[in-house]
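Report on one structure; see the data block that follows.
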Amino acid sequence: MSLIQHLEEFRRRLIVCLIALLITSALSFLYVEEIRRLLIQPAGTLELIYISPPEALMANIRLAILAGIILAMPVIVYQFLAFVMPALYKNEKRILFPVVFLMLLMFSTGIWFAYRIAFPFAITFFLKFASQDLVPMFTITQYISFVTQFILTFGLVFQLPLLFVVLGMMNIVSAPFLRRNRKYVLLVIAVGSALITPPDVISQMMIGGPLWLLYEIGIILVAIIQIRKRKKQASENP
């Protein structure tokens, strides 16, 4: 295919993704109250407010778009794979599908962990500061921004072991290298948690703790991969 044909195909697949996103976002907007209630559920009986006339509408639109992106993800991933597949070698194609599947699986696992475990703990902790003279009143914009940032961050954080697996397969990192640099990574995790989470210690700990655990899991996975590679090389070159 010529460059023009590649660009035309990219344009066509991009249009398909945008149409899918438009449809899923529109459907999500029809059920935006149910989606909002689902996000409020971990906070118990919390009531949200809005302090400007368009705030509630804009927050609902934003929430519908976020839900639309999640619902349209299978279409977006398929269009991406269909676009890049012809340019890949046979061995690269065999690796691509498991990697994409594991990315989606780990992302979903991170979201589930955040929604079911981490976020309820965090929001319950913050609500404990309420008293007779201090009533928690969150605006819909602030709450949705907080919860979506919190949950999506966990989805991205849970990609770390998979990233290590890919780098290990490419011989870019090794298990001894990761162990030697553990203390520096812990420092980066602490700083990164402070940057990517809402500005509070609890959220930073809820991100930093699992991230450190995932780093240790990544070391184990890289070690297993390299042991298998050495065994394979030994059998091929006795």
Side-chain angles (χ1 to χ4, degrees), residues 17-18 20-77 80 103-130 136-160 162-163 189 191-211 213-214:
C17 293
L18 291 176
L21 178 59
L22 180 63
I23 294 173
T24 54
S25 297
L27 291 174
S28 299
F29 189 78
L30 296 177
Y31 297 95
V32 71
E33 292 187 7
E34 287 77 4
I35 297 173
R36 188 173 63 248
R37 279 198 291 268
L38 192 65
L39 293 179
I40 299 175
Q41 184 178 348
T45 59
L46 179 68
E47 294 184 358
L48 302 180
I49 64 172
Y50 62 97
I51 57 177
S52 66
E55 183 179 1
L57 174 61
M58 298 306 298
N60 286 341
I61 292 175
R62 178 183 178 184
L63 187 58
I65 293 175
L66 289 172
I69 292 174
I70 295 175
L71 293 176
M73 192 59 65
V75 176
I76 296 173
V77 171
F80 168 77
M103 285 179 63
L104 295 175
L105 178 62
M106 294 301 292
F107 186 78
S108 302
T109 303
I111 289 178
W112 178 89
F113 178 84
Y115 180 77
R116 289 294 185 182
I117 300 175
F119 183 72
F121 175 84
I123 195 66
T124 301
F125 174 82
F126 294 133
L127 291 176
K128 286 181 180 179
F129 289 95
M137 298 180 67
F138 304 147
T139 66
I140 183 173
T141 300
Q142 292 171 336
Y143 183 84
I144 290 177
S145 176
F146 179 86
V147 67
T148 53
Q149 181 181 355
F150 192 96
I151 291 176
L152 292 177
T153 299
F154 269 88
L156 295 176
V157 163
F158 269 61
Q159 305 294 315
L160 186 63
L162 182 59
L163 175 62
I189 288 174
V191 175
S193 299
L195 293 175
I196 64 178
T197 58
D200 60 85
V201 177
I202 298 301
S203 297
Q204 294 166 16
M205 291 176 59
M206 296 300 292
I207 292 289
L211 192 57
L213 178 61
L214 291 170

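The first residue of the sequence shown is numbered 1, and numbering continues consecutively from there.
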Inset, instruction - Kindly say whether T141 contributes a backbone atom to a donor-acceptor pair with the side chain of S145 at under 3.5 angstrom? - result: no
If I take atom [atom1] from residue [X] and atom [atom2] from residue [Y], how far apart are they, to the nearest 0.5 angstrom?
X	Y	atom1	atom2	result
F29	L57	CZ	CG	5.5 Å
E55	I49	CD	CD1	8.0 Å
M103	L156	CE	CG	9.0 Å
E47	I140	CD	CD1	13.0 Å
L214	Q159	CG	CD	10.0 Å
Q149	I144	CD	CD1	13.5 Å

Legend entry - Set of side chain to side chain contact (heavy atoms under 4.5 Å, CB included) partners for L18, sequence neighbours left out: L14
How about [X]: does its [atom1] atom have over 12 heavy atoms from other parts shown lying under 6.0 Å from it?
X	atom1	result
E34	CD	yes
R37	CZ	yes
I51	CD1	no

Inset, instruction - Check the angle between the aromatic planes of F119 and Y143 and answer parallel, tilted or perpendicular using the 30° and 60° thresholds. - result: perpendicular
Inset, instruction - Compare all side-chain heavy atoms of L63 with those of L39 and state whether any distance is below 4.5 angstrom. - result: yes
Residue pair [X] / [Y]: nearest heavy atoms and the distance that separates them:
X	Y	value
A64	S28	O-CB, 3.5 Å
L48	R36	CD1-CD, 4.4 Å
G110	F154	O-CB, 3.4 Å
C17	I76	SG-CA, 3.9 Å
I151	A114	CA-CB, 3.9 Å
S25	I65	OG-CA, 3.7 Å

Inset, instruction - Mind running side chain to side chain contact (heavy atoms under 4.5 Å, CB included) on L71 and L27 for me, showing each step along the way? - result: CA-CA 10 Å; L71 293 176; L27 291 174; 5.7 Å; no
Inset, instruction - Check the pair V147 / F138 against side chain to side chain contact (heavy atoms under 4.5 Å, CB included), numbers first and verdict last. - result: CA-CA 12 Å; V147 67; F138 304 147; over 6 Å; no
Legend entry - The single option from F158, F107, F150 passing ring-ring contact (aromatic ring centres under 6.0 Å, His included) against F113: F158
